[in-house]
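Written below as structure tokens is the structure these notes are about.
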Amino acid sequence: TKPPYLINYVNPFIGTDDHGHTYPGATAPFGMIQLSPDTRYKGWDGCSGYHYSDSVIYGFSHTHLSGTGVEDYCDLLIVAQTGNPKTTAGYLSPKTGYGSTFSHSNETATPGFYSVLLDNGIKAELTVSQRAGIHRYTFPENGEKRYLLICSFSEILFTHTTPFVRVGWFFCPFVSHLLKLFLRKK
């Protein structure tokens with residue numbers, strides 16, 4: 001008989017509640033990217049950027065650490081949105097800030113893949129390779145498509161109405177300067 005495919009037994013949500021300090025997003029073994037949703041900005045229970053008890057996703061960032069007990073600041077957060085731009089963080093202004101509510105029944109995670117249908121109608125799908133994070137957003141048919149790129153939950157680097165394809169590899173706090181130079185050359 002054929003041996004069982006053990007990857008089917010992996011549940012990336014284990015450890016995302018209580019004090020587990022893990023995230024459910026996509027990562028590759030020994031990879032440089034840990035692409036996952038961000039539901040918390042700070043605090044002991046949200047130090048991985050995600051906590052299962054939360055109901056708002058602020059965006060999807062590229063670096064997460066599991067089990068550290070120290071906030072990791074979720075570098076290079078991408079926020080997909082429709083309608084008028086929201087550039088204030090939702091944790092600072094829950095009624096008018098960026099972020100969307102979601103239901104765990106619309107959330108899926110398997111090794112190397114994460115997907116969620118946000119309550120604003122945007123579907124986010126995330127996967128990774130050894131050196132890159134790959135996002136796919138499906139927007140509702142009505143409404144303007146908009147993206148924000150945010151460095152460490154602190155500085156909005158740019159807002160754009162079409163998907164950006166070329167974003168180089170850089171580290172905060174230099175991201176803002178390098179990205180602005182990059183965009184000027186286009």
Side-chain angles (χ1 to χ4, degrees), residues 4-81 89-92 94 97-120 122-138 147-155 167 169-173 175:
Y5 195 55
L6 298 179
I7 203 164
N8 291 334
Y9 295 100
V10 176
N11 180 352
F13 290 105
I14 291 174
T16 61
D17 207 355
D18 297 323
H19 302 301
H21 304 249
T22 64
Y23 60 91
T27 189
F30 308 106
M32 293 175 67
I33 306 294
Q34 302 82 34
L35 193 51
S36 193
D38 295 298
T39 65
R40 286 208 184 169
Y41 169 60
K42 60 183 177 177
W44 173 253
D45 282 334
C47 63
S48 70
Y50 180 95
H51 198 271
Y52 195 81
S53 66
D54 295 331
S55 60
V56 175
I57 291 177
Y58 296 111
F60 304 91
S61 66
H62 291 77
T63 59
H64 292 82
L65 300 172
S66 282
T68 62
V70 178
E71 300 160 3
D72 92 32
Y73 299 113
C74 310
D75 291 331
L76 296 177
L77 181 78
I78 294 180
V79 179
Q81 52 184 235
Y91 57 87
L92 295 175
Y98 62 77
S100 177
T101 56
F102 74 104
S103 168
H104 291 295
S105 63
N106 293 325
E107 188 179 36
T108 302
T110 59
F113 178 78
Y114 175 86
S115 175
V116 63
L117 176 62
L118 301 170
D119 291 347
N120 64 9
I122 297 172
K123 182 176 184 179
E125 297 172 282
L126 314 173
T127 192
V128 293
S129 70
Q130 288 288 318
R131 305 282 185 265
I134 301 155
H135 300 242
R136 179 167 66 183
Y137 296 99
T138 306
Y147 299 86
L148 302 177
L149 179 61
I150 302 166
C151 178
S152 300
F153 267 121
S154 60
E155 180 184 1
V167 175
W169 178 257
F170 11 74
F171 294 92
C172 291
V175 175

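Hydrogens, waters and symmetry mates are skipped; everything else that's a heavy atom, side chains included, is used.
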Please report the shortest heavy-atom distance between [X] and [Y], naming the atom on each side.
{"X": "I57", "Y": "L118", "value": "CD1-CD2, 3.9 Å"}
{"X": "L77", "Y": "S61", "value": "CA-CB, 3.8 Å"}
{"X": "F60", "Y": "V116", "value": "CZ-CG1, 3.9 Å"}
{"X": "P12", "Y": "T16", "value": "O-CG2, 3.8 Å"}
{"X": "Y58", "Y": "T39", "value": "CE1-O, 3.3 Å"}
{"X": "S103", "Y": "D119", "value": "N-OD1, 4.1 Å"}

Quick one: side chains of residues 26-37, donor-acceptor pairs under 3.5 Å with protein atoms, not counting sequence neighbours, listed by atom name and distance.
from : atom 1 : to  : atom 2 : distance (Å)
T27  : OG1    : I33 : O      : 3.3
Q34  : OE1    : H64 : N      : 3.4
S36  : OG     : G25 : N      : 3.1

Main-chain N/O of F13 paired to N11 side chain as donor or acceptor, under 3.5 Å
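Yes, because the side chain of N11 sits within donor-acceptor range (under 3.5 Å) of the backbone of F13.
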Does V56 form a side-chain contact (heavy atoms from CB on, under 4.5 Å) with S100? I'd like the steps, not just the answer.
CA-CA 5 Å; V56 175; S100 177; over 6 Å; no
Hey, do the aromatic rings of H104 and F102 have their centres closer than 6.0 Å?
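That pair passes the under 6.0 Å test.
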Polar side chain donor-acceptor pair, H135 to H62, under 3.5 angstrom:
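Checked: H135/H62 side chains pair up, N/O donor to acceptor below 3.5 Å.
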Looking just at side-chain N and O atoms, do E125 and Y137 make a donor-acceptor pair shorter than 3.5 Å?
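No - no donor-acceptor pair under 3.5 Å links their side chains.
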Decide yes or no for S115 and E107: does some side-chain heavy atom of the first lie under 4.5 Å from some side-chain heavy atom of the second?
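A side-chain contact under 4.5 Å is absent here.
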Mind checking the OH-OH spacing from Y23 to Y114? Nearest 0.5 Å is all I need.
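Output value for this atom pair is 13.5 Å.
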Quick one: pull up OH in Y98 and CG in N120 and give me the separation to the nearest 0.5 Å.
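Reported to 0.5 Å precision, the distance equals 14.5 Å.
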